[in-house]
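Because the structure is predicted, anything quoted here is derived from the model rather than measured.
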Amino acid sequence: MEVKRRELFQLSNFFFKGFLFGIKDSDIESHVLNEFNKKGKEALKQLNGSFCGWLADEQKQLLYVFNDRLGMADLFLMQEGDNWLITDDYWLAVKELSEVSVNETAIEQLLQFGYMHWENTYLNEIKLCTPATIITIDLSGNAITSIEQYWHHKPQAVITNYSAAREQTTELIRNAVKECFVEPDATYAVANSGGLDSRWNLFFASQQKQNFLSYTYTGSDNSDATHISRKINETLGLSNTDYIQISTNDFIANYAGIHMSKTPMLPMYSTWYYDAHKRLSDLDININGFISTFLDAFTYMDGAENYAEFENKAITDKHEYCYSLYKPAVTELVNKVYKKQNSGRAKEAFMASLETLDMNDVGDICDTFDFYCRQRRLNKNEPWTDYYGQLKSRSPLCHNAIVDFSLALPFQMRDDRILYKDAAAEVMTSLQKVRFERSPWGLKGKEKGTAALVKDVLWRADMKLYKKTGHSFWFKGSHKNVAEWMCQSPNIDFIRNVINSENPLIEERFDQDYLNKHLEALIKKDFVFMSSLLTIFMFFNKLTDIK
């Protein structure tokens, strides 16, 4: 997608990239245009799916460029003097620039957090548009007249009846999954990680008329994910299944180029997802899930469980809590390898952005940050199948109705996804006792009493046995030993070559000698940090080639 100031006259009147719930791909254009003719620009704000596009109002001589409510589809805005470009391809924006300046805050954020915050990208001249963006362009003057955010992440707890909310959860997800299966002649795949999201998707997908493949990708033949997904397939009676063994020793070497061309601001470790495509190339549509911010209160990440201490404190204390919650433990690594590191810069930018949220509840503040920064960036790992241009990705939990419902839930119903799990346990009775990865507990969660205590103790002992011997009675092993994979050849050889790049942008910012001496140890200590570092190095190399 490319909307360039100098070439507006060459654009068609309508362009759409993505999907809409309940609408066939072949019907999207007529649907959007019909709604626009009835409601005008307001129709764009009511679209339900993951998408970006543009639409021209010939009568008013206006062009609207837009993305979806959740920002699942990226829009980048490049501005340089009176020249501008709107695109979903970051490299198109880079190539349009005559001069570039590196956004050092964004570099530091990627190193410290594993993702950049808010609108930041590598370059000061290119911004990532917020979710729910509509950019209005005056076609007669070739000028951007307004940039609006038509929807905001605003948690407003108004639902009080737990039983009714549980029933509504089930119906909303049932409908969202159904609306993903709208192409009668398409071939479908449903991701099966063994987790909660994929259970919902598989359970309701099995009620559809279309046949589908239930697939699991893993780096180990006998991992927890493989073990649990097999139980789910057997319990639901799914016979069309596939277990995709990824190439653990060369996933970075194989897919780094694809990753950098499509998602240059995501850490390179996520390229292991791409390997699953090799057994899905004959399919059309992939139904997948992710940990939705809207169904998962932030405290599932809060090991200290000290949320309550900050409920009645000053807003500055709440912002400090949010920063401490998300602040990574790699500051010492950043100090050792990043020469331009500024210990206060990333935090100041973090706090300044939180102040604009106009929220007082610490849970809402953290959830909103999660949505606009962490979850939005990490969700880009999930629809990896779109990167190949043939297997379209659809995530039921992106449905507008689910989002609106979830944001109306009180904290107590979202904490540790309690409502989400209870609803699943009620409707999927046969899956109640099928445990989750790295856990002895099923859909009903942690049990109570002496039996639960014994079970918990045995589980912890079994995990220790696995870590020590590689064998266990219960735990089957992790399916994502990314640090170990990154240290295997040819991945480590590829990483070393990138680390030793002769590039002035890298040499003036990073201590390459230190990295060379400690590379494998650094990867094992914090593979996300090293993966982010690798991504930055590769960006600078490609930037140098272009400029």
- Is there side-chain contact between His259 and Met538, with heavy atoms separated by less than 4.5 Å? no
- Among all residues two or more places apart in sequence or in another chain, which pass the side chain to side chain donor-acceptor pair (under 3.5 Å) test with Ser439? none
- Query: Once you round to the nearest 0.5 Å, how far does CD1 of Ile137 lie from CD1 of Ile147?
  - Reply: 9.0 Å
- Does Arg438 have any salt bridge (charged side-chain N to carboxylate O under 4.0 Å, His left out) partners at least two apart in sequence or in another chain, and if so, which? none
- Is a donor on one side and an acceptor on the other found under 3.5 Å between the side chain of Thr216 and the backbone of Asn192? yes
- Message: For Phe510 together with Tyr338, are the ring centres under 6.0 Å from each other?
- Response: yes
- Quick check: does any side chain N or O of Gln512 sit under 3.5 Å from a backbone N or O of Ile499, one acting as donor and the other as acceptor? yes
- Is it true that Glu507 and Lys339 have a side-chain N and a carboxylate O under 4.0 angstrom from each other? no
- Query: Should the pair Arg279 and Tyr217 be classed as cation-pi, given the thresholds of under 6.0 Å to the six-membered ring centre and 45° from the axis?
  - Reply: no
- Within-4.5 Å side-chain heavy-atom neighbours: Ser50 and Leu70: no
- Between Asp493 and Ser489, is there a donor-acceptor pair closer than 3.5 Å when you use the side chain of the first and the backbone of the second? no
- Task: Return the set of residues passing side chain to side chain donor-acceptor pair (under 3.5 Å) with Tyr122 (not counting sequence neighbours), or none when no residue passes.
- Result: none
- Message: Does any part of the side chain of Lys154, heavy atoms only, come nearer than 4.5 Å to the side chain of Met359, both counted from C-beta?
- Response: yes
- Message: Would Thr535 and Met260 count as a side-chain contact (heavy atoms from CB on, under 4.5 Å) here? Give the steps.
- Response: CA-CA 7 Å; Thr535 306; Met260 184 52 55; 3.7 Å; yes
- Query: Who passes side-chain contact (heavy atoms from CB on, under 4.5 Å) against Lys127, sequence neighbours left out?
  - Reply: Glu119
- Message: I'd like to check Met265 versus Leu110 (side-chain heavy atoms, cut-off strictly below 4.5 Å). Are they in contact?
- Response: no
- Would you please classify the geometry between the Trp54 ring and the Phe15 ring as parallel, tilted or perpendicular, with 30° and 60° separating the classes? parallel
- Task: Describe, in one word, how the ring planes of Phe21 and His399 are oriented to each other, choosing from parallel (under 30°), tilted (30 to 60°) and perpendicular (over 60°).
- Result: tilted
- Item | Ser478: side chain to side chain donor-acceptor pair (under 3.5 Å) partners, not counting sequence neighbours | none
- Task: Just grab all the salt bridge (Lys or Arg N to Asp or Glu O under 4.0 Å) pairs involving residues 512-522, residues at least two apart or on different chains.
- Result: none
- Mind checking what makes side chain to side chain donor-acceptor pair (under 3.5 Å) contact with Thr87, not counting sequence neighbours? none
- Please report the C-alpha distance between Phe66 and Tyr150 in whole Å, then the side-chain angles of each, then the deciding distance to 0.1 Å, and finally whether the ring pair (Phe, Tyr, Trp, His ring centres under 6.0 Å) criterion is met. CA-CA 10 Å; Phe66 53 88; Tyr150 62 84; 8.6 Å; no
- Under 3.5 Å donor-acceptor, Ser229 side chain and Gly194 backbone: no
- Query: Among pairs that include at least one residue of residues 92-103, which meet side chain to side chain donor-acceptor pair (under 3.5 Å), considering only residues two or more places apart or in two chains?
  - Reply: Lys4-Glu96, Arg6-Glu96, Glu80-Ser98, Asn83-Glu96, Ser101-Asn124, Ser101-Glu125, Asn103-Asn120
- Pairs meeting criterion salt bridge (Lys or Arg N to Asp or Glu O under 4.0 Å) with involvement of residues 522-545, two or more places apart: Glu332-Lys525
- Item | Donor-acceptor contact present, side-chain Asn400 to main-chain Leu47, <3.5 Å | yes
- Query: Aromatic rings Phe113 and Phe350: how do their planes relate, parallel, tilted or perpendicular, breaks at 30° and 60°?
  - Reply: parallel
- Message: Determine whether a donor-acceptor pair (N or O, by modelled atom type, separation under 3.5 Å) exists between the side chain of Thr241 and the backbone of Ser214.
- Response: no
- Query: Checking Asn481 side chain against Glu484 main chain: does a donor-acceptor pair fall under 3.5 Å?
  - Reply: no
- Message: Go through it in stages, so that I can follow the logic: the residues are Phe369 and His117, the test is ring pair (Phe, Tyr, Trp, His ring centres under 6.0 Å), and I'd like the CA-CA distance, side-chain angles, deciding distance and then a yes or no.
- Response: CA-CA 9 Å; Phe369 169 81; His117 296 168; 5.1 Å; yes
- Are any non-hydrogen side-chain atoms of Val337 and Leu111 less than 4.5 angstrom apart? no
- Knowing that exactly one of Phe251, Tyr255, Trp485 qualifies, which makes a ring-ring contact (aromatic ring centres under 6.0 Å, His included) with Trp272? Trp485
- Query: Side chains of Thr133 and Thr130: is there a donor and an acceptor less than 3.5 Å apart?
  - Reply: yes
- Task: Give a yes-or-no answer on whether the side chains of Ser395 and Asn288 include a donor-acceptor pair shorter than 3.5 Å.
- Result: yes
- Message: Just verifying a value: how many Å separate Cys487 SG and Asn249 CG, rounded to the nearest 0.5 Å?
- Response: 12.5 Å
- Any side-chain donor-acceptor pair under 3.5 Å between Tyr420 and Asp197? yes
- Just jot down the salt bridge (charged side-chain N to carboxylate O under 4.0 Å, His left out) partners of Lys17, sequence neighbours excluded, or say none. Asp88
- Query: Who are the salt bridge (charged side-chain N to carboxylate O under 4.0 Å, His left out) partners of Asp25, not counting sequence neighbours?
  - Reply: Lys392, Arg394
- So Phe537 and Asn503, side-chain contact (heavy atoms from CB on, under 4.5 Å) or not? Walk me through it. CA-CA 9 Å; Phe537 277 38; Asn503 184 320; over 6 Å; no
- Compute whether any side-chain donor of one residue and acceptor of the other, for Asp74 and Tyr90, lie under 3.5 angstrom apart. no
- Query: Aromatic rings Tyr466 and Phe475: how do their planes relate, parallel, tilted or perpendicular, breaks at 30° and 60°?
  - Reply: perpendicular
- Are there more than 12 heavy atoms of other residues, nucleotides or ligands under 6.0 Å from atom CD of Gln10? yes
- Arg345 and Glu104 ion-paired at < 4.0 Å: no
- Side-chain heavy atoms of Leu77 within contact of Ile144, under 4.5 Å: yes
- Item | Closest contact, heavy atoms only, Ala93 versus Leu85 | CA-CD2, 3.6 Å
- Query: Taking side chain as C-beta onward, heavy atoms only, is Leu97 less than 4.5 Å from Lys547?
  - Reply: yes
- Task: Taking Asn67 for its side chain and Cys52 for its backbone only, find out whether a donor-acceptor pair lies under 3.5 Å.
- Result: no
- Apply salt bridge (charged side-chain N to carboxylate O under 4.0 Å, His left out) to Arg5 and list each qualifying residue two or more places apart in sequence or on a separate chain. none
- Any donor and acceptor pair, going by atom type alone, linking the side chain of Asp275 with main-chain N or O of Ser247 inside 3.5 Å? yes
- Task: Report the relative orientation of the aromatic rings in His153 and Phe371; use parallel for angles under 30°, tilted for 30 to 60°, perpendicular for over 60°.
- Result: parallel
- Query: Any donor and acceptor pair, going by atom type alone, linking the side chain of Tyr326 with main-chain N or O of Cys366 inside 3.5 Å?
  - Reply: yes
- Query: Please walk me through it: do Glu320 and Lys347 pass salt bridge (Lys or Arg N to Asp or Glu O under 4.0 Å)?
  - Reply: CA-CA 9 Å; Glu320 188 75 34; Lys347 183 174 182 179; 2.7 Å; yes
